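Numbered from 1 within each chain, the chains take letters A, B, ... in sequence-line order. Please read these numbers as outputs of a predicted model, since none were measured by experiment.
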There are 2 protein chains.
Amino acid sequence: MTGPVVEDYVKVIYAHTEWQAEPITSTALAARLGLAASSVTEMVKKLSTQGLVSHEPYGAIELTRDGTALALRMVRRHRLIETWLVQHFAYSWDEVHDEAEILEHALSDRLLDAIDDELGRPARDPHGDPIPSRDGSIVRPDAVLLADAPAGGRVVRISDRNPALLRELESRGVVLDAIVRPGDLGAEALASIWVATA
Amino acid sequence: MTGPVVEDYVKVIYAHTEWQAEPITSTALAARLGLAASSVTEMVKKLSTQGLVSHEPYGAIELTRDGTALALRMVRRHRLIETWLVQHFAYSWDEVHDEAEILEHALSDRLLDAIDDELGRPARDPHGDPIPSRDGSIVRPDAVLLADAPAGGRVVRISDRNPALLRELESRGVVLDAIVRPGDLGAEALASIWVATA
DNA sequence: GCTAATATTTCGGTGTGCCGAAATTCGCGG
DNA sequence: CCGCGAATTTCGGCACACCGAAATATTAGC
Ligand SMILES: [Mn+2]
Ligand SMILES: [Mn+2]
Ligand SMILES: [Mn+2]
Ligand SMILES: [Mn+2]
């Protein structure tokens, strides 16, 4: 049906609007995928033909209903696999992303669901990202960026983009559900941590 | 280094000589891979350039030392994954092949070794095929095709090529280590089962 | 409003792995 | 040895996903 390439495109498009509002531009999409802008323009045209994204020339890129469904399927796969690597194989939270990036395209639905059951249907992954359910519904916790929460709060989500930062934060006790204040941390951390304000 | 396509070629070339003597021809290789003969000819030429295979035009195809090492690596992956699916996820022996065919290209070495440890370093897969060790050594059990063993013997290996046959055999009690006689079984079974003669 | 910087698309081209058809080589029967 | 059918290779071509350079559209500064 759709291969790994299409799966990665829609996943990145989805991820961009998950914790921020603005839809993604083709330049930003190219940067995140590590591709030339021209490659992305062409691929987005194909995705549009397939009905997965809507895009007028020079405009932003948005997922259609079908595109969102596929993206949620991939997000579920990615996050379940990350969770499984941590829980079952004692990976640390900074080591799981690359492996999940590959396995998300390879496991059968049957195996993925078996893993989901074995884990007890977890609601969030090691970084606090919510895991879509089998039918594609997802509950995004209420949270604000630590940079925008002067009083701090309980850690709800940490971006898994920078493994080095994850290692440093863990060593300083900044893990899911810990209480943090913005004054304790550097600029990159402030822009990577989401907190629930009491 | 090498992608899934190369991995599948060397794996099939290796598998052909594992339980029989003759090296594989390009026509047979094409048939097993489900490809046109012309595609195989061209790919074999590339494998030869990469030093994985030796092949003079119109001759048979044989793995070099490097090619054998890569093939053993893939065979180990395939068989460990099959074993894991059966032991850990209760797949039956006729269901594991297709999933392993994909996962063998996707798991990291780290994850594969973790699975190997979890399984207790199994020596054979669900079909009795020996699993190469981490360093690439493999012990092929002494066995003869049931068709060539008039007195029968203990089942040591059953080809996993035909899932329907596997299901039928299991329902009739023909599993690894069972004692069978050739008279009890049909022609295809006789050509799929290897036995150790007491 | 105009212009210059920037974002985006278009265009010609590449590498990989595949195909069918045509050409070549092999090997067997006589 | 010769010729014929089967195996194998060669050849032109295709789909996919990518690239850099050039063209074009947008936007921001003035
Ligand atoms: Mn991740
Ligand atoms: Mn994550
Ligand atoms: Mn198999
Ligand atoms: Mn097997």
Reading 5' to 3' through nucleotides 5-10 of chain C, protein heavy-atom contacts under 4.0 Å coded B for base, S for sugar-phosphate only, - for none
--SBBB

Sorted by chain and residue number, the side chain to side chain donor-acceptor pair (under 3.5 Å) partners of A:R76 (sequence neighbours excluded) come out as A:D113, A:D116

Under the side chain to side chain donor-acceptor pair (under 3.5 Å) test, residues paired with B:R172 that sit two or more places apart:
B:E168

Quick one, which residues of residues 3-22 of chain A touch DNA chain C with a heavy atom under 4.0 Å?
none

Rounded to the Å, how far apart are [X] [atom1] and [N] [atom2]?
| X | N | atom1 | atom2 | result |
| --- | --- | --- | --- | --- |
| B:L35 | C:dC19 | CG | C1' | 10 Å |
| B:M43 | D:dC11 | CE | P | 20 Å |
| A:L33 | D:dC18 | CG | C1' | 12 Å |

Short heteroatom pairs, N/O only, protein and nucleotides 1-3 of chain D, under 3.5 Å:
none

Return the set of residues passing side chain to side chain contact (heavy atoms under 4.5 Å, CB included) with [X] (not counting sequence neighbours), or none when no residue passes.
| X | value |
| --- | --- |
| A:H97 | A:H78, A:E82, A:E101, A:D160 |
| A:A189 | A:L165, A:L169, A:L185, A:I193 |
| B:A164 | B:N162, B:R167 |
| B:L119 | B:L80, B:T83, B:W84, B:Q87, B:I115, B:P122 |

The salt bridge (Lys or Arg N to Asp or Glu O under 4.0 Å) partners of A:R140 (sequence neighbours excluded) come to none

What residues, two or more places apart in sequence or in another chain, satisfy salt bridge (Lys or Arg N to Asp or Glu O under 4.0 Å) together with A:D129?
A:R79, A:R157

May I have all residue pairs that pass side-chain hydrogen bond (donor to acceptor under 3.5 Å, both in side chains) and include part of residues 35-62 of chain A, sequence neighbours excluded?
none

Can you name the closest pair of heavy atoms from A:I61 and A:T25 and give their distance?
CD1-C, 4.0 Å

